[in-house]
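In what follows, residues are counted from 1 in the order of the sequence shown.
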Amino acid sequence: MNKQRRTTLNQINDLIASVYEDLESCKDQEEEYRDNMPENLQGSERYEKADDAVNMLEEALESLQQAMDNIQEVIES
């Protein structure tokens, strides 16, 4: 792989890392919202939606991490 493509891939990885941080912040906020719900709302539809959102955001974070790992592997090969 030539230097120009490596540079482009590094820039893409940096962009994904920035998105990852923003998404992680959103996930943390939603998790805090869910965890701080009053006990009488736990098990409610609102709680379940927040829990589902946290789970989906965690999956999205895992996908972004996998993408960054794959790009890094290409850069290093």
Side-chain angles (χ1 to χ4, degrees):
M1 178 169 296
N2 68 25
K3 184 177 180 177
Q4 182 181 6
R5 283 191 293 274
R6 273 196 177 89
T7 299
T8 300
L9 288 174
N10 277 316
Q11 291 170 343
I12 291 169
N13 237 10
D14 290 345
L15 288 171
I16 294 172
S18 176
V19 170
Y20 184 97
E21 290 174 13
D22 291 343
L23 190 60
E24 187 172 41
S25 176
C26 287
K27 191 244 347 154
D28 290 345
Q29 290 172 20
E30 188 68 16
E31 197 168 39
E32 185 176 336
Y33 166 75
R34 180 201 62 196
D35 292 346
N36 288 321
M37 273 192 197
E39 200 170 305
N40 64 331
L41 289 178
Q42 293 178 7
S44 69
E45 184 178 346
R46 181 189 285 178
Y47 182 89
E48 292 302 318
K49 284 183 178 182
D51 192 50
D52 288 344
V54 169
N55 291 331
M56 288 185 279
L57 291 169
E58 286 174 345
E59 288 178 24
L61 287 167
E62 290 172 12
S63 295
L64 288 174
Q65 184 62 57
Q66 184 65 47
M68 289 187 295
D69 292 347
N70 290 345
I71 292 169
Q72 191 60 42
E73 191 173 322
V74 169
I75 292 169
E76 293 173 358
S77 63

Full working for side-chain contact (heavy atoms from CB on, under 4.5 Å) between Asp28 and Glu32: CA-CA 6 Å; Asp28 290 345; Glu32 185 176 336; over 6 Å; no
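At most 12 non-hydrogen atoms from other residues, nucleotides or ligands lie less than 6.0 angstrom from CZ of Arg46.
In the hydrophobic clustering, where aliphatic and aromatic side chains (Ile, Leu, Val, Met, Phe, Trp, Tyr) are joined below 4.5 Å either directly or transitively, Val19 groups with Met1, Leu9, Ile12, Ile16, Tyr20, Leu23, Leu57, Leu61, Leu64, Met68, Ile71, Val74, Ile75. Here Leu15 sits alone; no ILVMFWY side chain lies under 4.5 Å from its own, so it joins no hydrophobic cluster.
With sequence neighbours excluded, the residues forming a side chain to side chain donor-acceptor pair (under 3.5 Å) with Gln29 are Ser25, listed by chain and number. Considering only residues two or more places apart in sequence or on other chains, Asn55 meets the side chain to side chain donor-acceptor pair (under 3.5 Å) condition with none of them. With sequence neighbours left out, the side chain to side chain donor-acceptor pair (under 3.5 Å) criterion links Glu76 to Gln72. By the side chain to side chain contact (heavy atoms under 4.5 Å, CB included) test, Asp22 pairs with Ser18, sequence neighbours left out. Residues that satisfy the salt bridge (Lys or Arg N to Asp or Glu O under 4.0 Å) test with Glu31, not counting sequence neighbours, are Lys27, Arg34. For Gln42, the side chain to side chain contact (heavy atoms under 4.5 Å, CB included) test picks out Glu39, Tyr47, with sequence neighbours left out. Take Glu59 and apply the side chain to side chain donor-acceptor pair (under 3.5 Å) test, not counting sequence neighbours, and it matches no residue. Checked against salt bridge (Lys or Arg N to Asp or Glu O under 4.0 Å), Glu45 has the following partners two or more places apart in sequence or in another chain: Lys49.
The CZ atom of Arg6 sits 12.0 Å away from the OG1 atom of Thr8 when rounded to the nearest 0.5 Å. Considering CD of Glu58 and CD of Glu30, their distance stands at 11.5 Å, rounded to 0.5 Å. Rounded to the nearest 0.5 angstrom, Lys3 NZ and Asn10 CG are separated by 11.0 Å.
Minimum heavy-atom separation, Gly43 to Glu48: CA-OE2, 4.1 Å. Residues Met37 and Ala50 come closest through the heavy atom pair CE-CB, 4.2 Å.
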